[in-house]
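Written below as structure tokens is the structure these notes are about.
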Amino acid sequence: MGVVASAPAKVILFGEHFVVYGEPAIVLAIDKRAYATVENREDKRLYIRSTNLNLAGYFDNGTFKIEQGDVKEAKSKFEPVKLAINKVAEKYGESVGLNVEIYSTVPVAAGLGSSAAVAAAVAAAVGELLNVKMAKEDILRVAFEAEKTVHGTPSGIDPAIATFGGTLFFQTDTGFKPLEVHMDMPLIIGNTGIERSTRLQVEKVRNLREKHPRIVDHIMWAAREIVLRAIDALKENDLETLGELMNINHALLYGVGVSDESLEWLISAARKEGALGAKLTGAGGGGCMIALTKDERLEQVLGAIQRAGGRGFVARKTNEGVKIEQR
Ligand code: MEV
């Protein structure tokens with residue numbers, strides 16, 4: 001058994017998309033994790049297996065050979081993993097051969113930060129195996145580089161939360177700071193099951209902004225006010241206000257074109273069943289929505305999301321960022 005590391009998935013409570021343009025966002029780590037197990041090999045090959053995606057293959061001197069699953073899918077999923085490993089190996093000083101096994105409980109391409117969680121877990125596990133000193137900031141840097149190969153121009157919010165966990169106030173120019181959230185926030189996640197590309201959703205917003213800069217900028221400024229108001233509501237344990245703010249935030253995301261029919265079904269089902277607020281989370285265009293409810297409505301809202309066709313589950317926030325599980 002080699003080294004095992006893990007990192008959490010996330011939900012963006014407020015501010016996705018607008019965060020790419022320098023506006024603030026609030027993100028929290030949830031109790032679903034990606035795990036990476038790594039061990040040395042005698043040769044210089046890099047074997048990667050994803051048990052939940054049923055993909056396996058290896059990189060040998062720059063060429064990729066598939067062993068299980070679709071070659072295109074495997075390459076696109078494994079390239080960022082390889083990049084993360086190479087970045088750590090650079091610090092180590094020479095190229096290495098490794099067996100890497102990835103197991104993730106995070107739905108893929110659903111807006112929950114699965115690729116960033118995988119990259120952070122892999123970077124931490126490889127650093128530990130090779131005895132390369134990796135501070136959390138180093139893991140963040142590596143995971144961010146990996147994320148750029150997946151998403152084009154990401155804000156860095158996903159690798160930041162996967163690395164540090166907790167609840168973060170995040171802004172691209174000022175970085176992030178932890179928010180102390182003491183209340184229990186009963187959140188339900190509804191997965192539409194529709195996989196989508198974050199890169200395409202971000203491009204969609206960019207195109208709209210180029211076409212209607214003054215309108216989209218006003219939408220972004222409204223999103224900023226939502227985040228600032230939400231910080232107070234979090235401090236005051238004010239669930240009702242948080243719910244309202246989620247609904248307004250969703251309307252803004254709808255306005256810039258990143259909701260879709262599958263999300264709207266789940267969101268309106270949750271609201272009808274008494275959710276205090278509901279919105280898409282992450283990049284949209286499918287993927288996941290979140291609903292905030294009072295504890296006593298949890299079961300009903302979850303049931304409504306499931307009846308509307310979503311894969312629903314209750315998410316709990318976690319303070320645990322990336323960590324070594326076993327060495
Ligand atoms: C993706 O989880 C969130 C987006 O805002 C993109 C990003 O911030 O990199 C859509």
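As the structure lists them, so they are numbered: ligands from 1, and atoms in each ligand from 1.
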Kindly assign one of parallel, tilted or perpendicular to the pair Phe170 and Phe176, based on the angle between their ring planes and the thresholds 30° and 60°.
parallel
Give me the ring orientation class for Tyr47 and Tyr58: parallel if the planes are under 30° apart, tilted from 30 to 60°, perpendicular past 60°.
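Parallel: the ring planes of Tyr47 and Tyr58 meet at under 30°.
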Going by the atom numbers of ligand 1, which of them fall below 4.0 Å from some non-hydrogen atom of [X]?
X: Ile157; answer: 8 (O)
X: Val19; answer: 5 (O), 8 (O)
X: Ile12; answer: 2 (O), 3 (C)
X: Pro154; answer: 9 (O)
X: Glu16; answer: 5 (O)

Could you identify the single nearest non-hydrogen protein atom to atom 4 (C) of ligand 1 and state the distance to 0.1 Å?
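Among all protein heavy atoms, the one nearest atom 4 (C) of ligand 1 is His17 N, 4.0 Å.
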Starting from atom 9 (O) of ligand 1, which protein heavy atom do you reach first, and at what distance in Å?
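Answer, as residue, atom name and distance: Ser155 N, 2.8 Å.
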May I ask you to identify, for Thr153, whether its side chain, its backbone, both or neither come under 4.0 Å of ligand 1 on a heavy-atom basis?
neither
Just to be sure I read this right, does ligand 1 sit under 4.0 Å from the backbone of Lys10, its side chain, both, or neither, counting only heavy atoms?
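Lys10 to ligand 1: side-chain contact only, backbone stays beyond 4.0 Å.
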Check whether any heavy atom of His151 sits under 4.0 Å from an atom of ligand 1.
no
Within the structure, does Thr198 bring an N/O atom to less than 3.5 angstrom of an N/O atom in ligand 1?
no
Donor-acceptor side-chain pairing of [X] and [Y] below 3.5 angstrom:
X: Arg271; Y: Asn247; answer: yes
X: Glu325; Y: Ser6; answer: yes
X: Glu101; Y: Thr51; answer: no

pair Val314-Leu187: side-chain heavy atoms closer than 4.5 Å:
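No. Closest side-chain heavy atoms not under 4.5 Å.
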Decide yes or no on side chain to side chain contact (heavy atoms under 4.5 Å, CB included) for Val258 and Val205, but give the supporting numbers first.
CA-CA 8 Å; Val258 293; Val205 177; 3.6 Å; yes
Could you check whether Lys148 makes a cation-pi contact with Phe144, meaning its NZ or CZ is under 6.0 Å from the centre of the six-membered ring and within 45° of the ring axis?
yes
